[in-house]
Amino acid sequence: MRYVIYAIPLIALIFLSVMFVLKMVNVTPLTLIDKNVPQFSVNQFFDPTLTLDPTALGGEIKMVTFFATWCPTCMIEHKQLLSLRKDHNLKIYGIAYRDDAKDLQNLLNDYGDPFETVGFDPDGQAYIAWGITGMPESYLIDKNGKIRYKHNGFISDEALKKVILPVIEMIKKETP
Amino acid sequence: MIKKYLNIALILILLAPSLSFASTAENDERAKHLFRQIRCPVCEAQTIDGSDTDAARDMRNFVLKKIENGQSDENIINELRAAYGDSIVMIPPVNAQTTLLWLFPFLVLSCAFIIAMFVIFRKRSAS
């Protein structure tokens, strides 16, 4: 009986740890999943007279990705974005957070341009509207403008094959 | 008569800047109060009041703009909760999903108290 009493704090600690680990799988909020694209409006990089907002996103399955040229992991996933664009025909809209126009132009010239268009977010207006907590973060959006999946961190080769592409297929089946 | 009204108008014009100053001071107080309630989205252990990240700075500016546009504190918090969830607020709300979160410290302390009493009682019985 004594050992049972002494085991209670250990059991509580294990229970708490398991709950914490499970929560760690989705440690950043998934508040926007299954909701419509939030209201935002930023100037487009290639034509600042145009805005990138929900109406500019188009009616097919697409990805919106928050990135910056000063973010090293954003640069790692650039080739995955190119693959998604060229090999899988996914429309990708980039939102460059607090970035430099010249650096962005150099990136696109030197490494290729996977984006349908890029928006500039110098003051975090879109960053906050989309609930971004770090970079890069990407959202997959279905044809009806509903957010279906959020990817935190860079898209690795493995994440591309095992997560992103299957999720895109699932979205295609669910919203024909 | 006209001179009297002109004098009143002049006094009001001279007073106007101090009235706007009072409004600005009140806005600043509201902003500081909100900054201390909102969690930094990058450094989750800090509020946006204490964080130096760009995200925290942008969020502070977001709050200031909303206050200047006449939004209430509740609306501003709700707008951030719509994007980030309840975790954006330092003190979680009390609802069905957070009941265990709020009760857990009391449960742990109660267990610790019961165990301590049990150990003390056994020692006294043994002696």
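First the proteins, then the strands, lettered A, B, ... as listed; each starts at 1.
Close approach to chain B, defined as a heavy atom under 4.5 Å from one of its heavy atoms, is seen in A:Asp123, A:Gly124 of residues 115-125 of chain A, taken by number. Scanning residues 94-111 of chain A against chain B with a 4.5 Å heavy-atom cutoff picks out A:Tyr97, A:Arg98, ordered by number.
A:Ile92 and A:Phe40 are not part of a single hydrophobic cluster, where members link through side-chain heavy atoms under 4.5 Å apart. Placement of A:Leu84 and A:Ile171 within a single hydrophobic cluster is found when ILVMFWY residues are connected by side-chain heavy-atom separations under 4.5 Å, directly or transitively. When the side chains of ILVMFWY residues are joined at heavy-atom separations under 4.5 Å, either directly or via intervening members, A:Ile168 and A:Val163 end up in a single hydrophobic cluster. Each of A:Ile141 and A:Tyr149 belongs to its own hydrophobic cluster when Ile, Leu, Val, Met, Phe, Trp and Tyr are linked at side-chain heavy-atom distances under 4.5 angstrom. In the hydrophobic clustering of this structure, A:Ile147 groups with A:Val42; members are Ile, Leu, Val, Met, Phe, Trp, Tyr whose side-chain heavy atoms approach within less than 4.5 Å, directly or through other members.
Contact of B:Asn61 with chain A is not made at all, since no heavy-atom distance falls under 4.5 Å. Only the side chain of B:Leu80 comes within less than 4.5 Å of a heavy atom in chain A; its backbone stays farther off. Looking at B:Ala82, the atoms closer than 4.5 Å to chain A (heavy atoms on both sides) all sit in the backbone: N, CA, C or O.
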Can you give each donor-acceptor pair under 3.5 Å made by side-chain atoms of residues 7-14 of chain A, sequence neighbours left out, with the distance rounded to 0.1 Å?
none

Donor-acceptor contacts, no H, no angles, side chain residues 75-82 of chain A, under 3.5 Å, sequence neighbours left out:
from	atom 1	to	atom 2	distance (Å)
A:Glu77	OE1	A:Ile155	N	2.8
A:His78	NE2	A:Gly112	O	2.8
A:Gln80	NE2	A:Ile155	O	2.7

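Residue A:Glu174 qualifies as enclosed at atom CD: its count of foreign heavy atoms under 6.0 Å is above 12. Annotation: B:Leu109, atom CG; neighbour count of heavy atoms from other residues, nucleotides and ligands within 6.0 Å is above 12. Heavy atoms from other residues, nucleotides or ligands lying under 6.0 Å from NE2 of A:His88 number more than 12.
Residues A:Ala129 and B:Ala83 come closest through the heavy atom pair O-CB, 3.7 Å. Between A:Ile128 and B:Asp58, the shortest heavy-atom distance links the atoms CD1-O, 3.7 Å. Minimum interatomic distance between B:Pro41 and A:Thr133 (heavy atoms only, all atoms of both residues): O-CB, 3.4 Å.
Counting only distance, with no hydrogens or angles, the side chain of B:Tyr84 and the backbone of A:Trp130 share no donor-acceptor pair below 3.5 Å.
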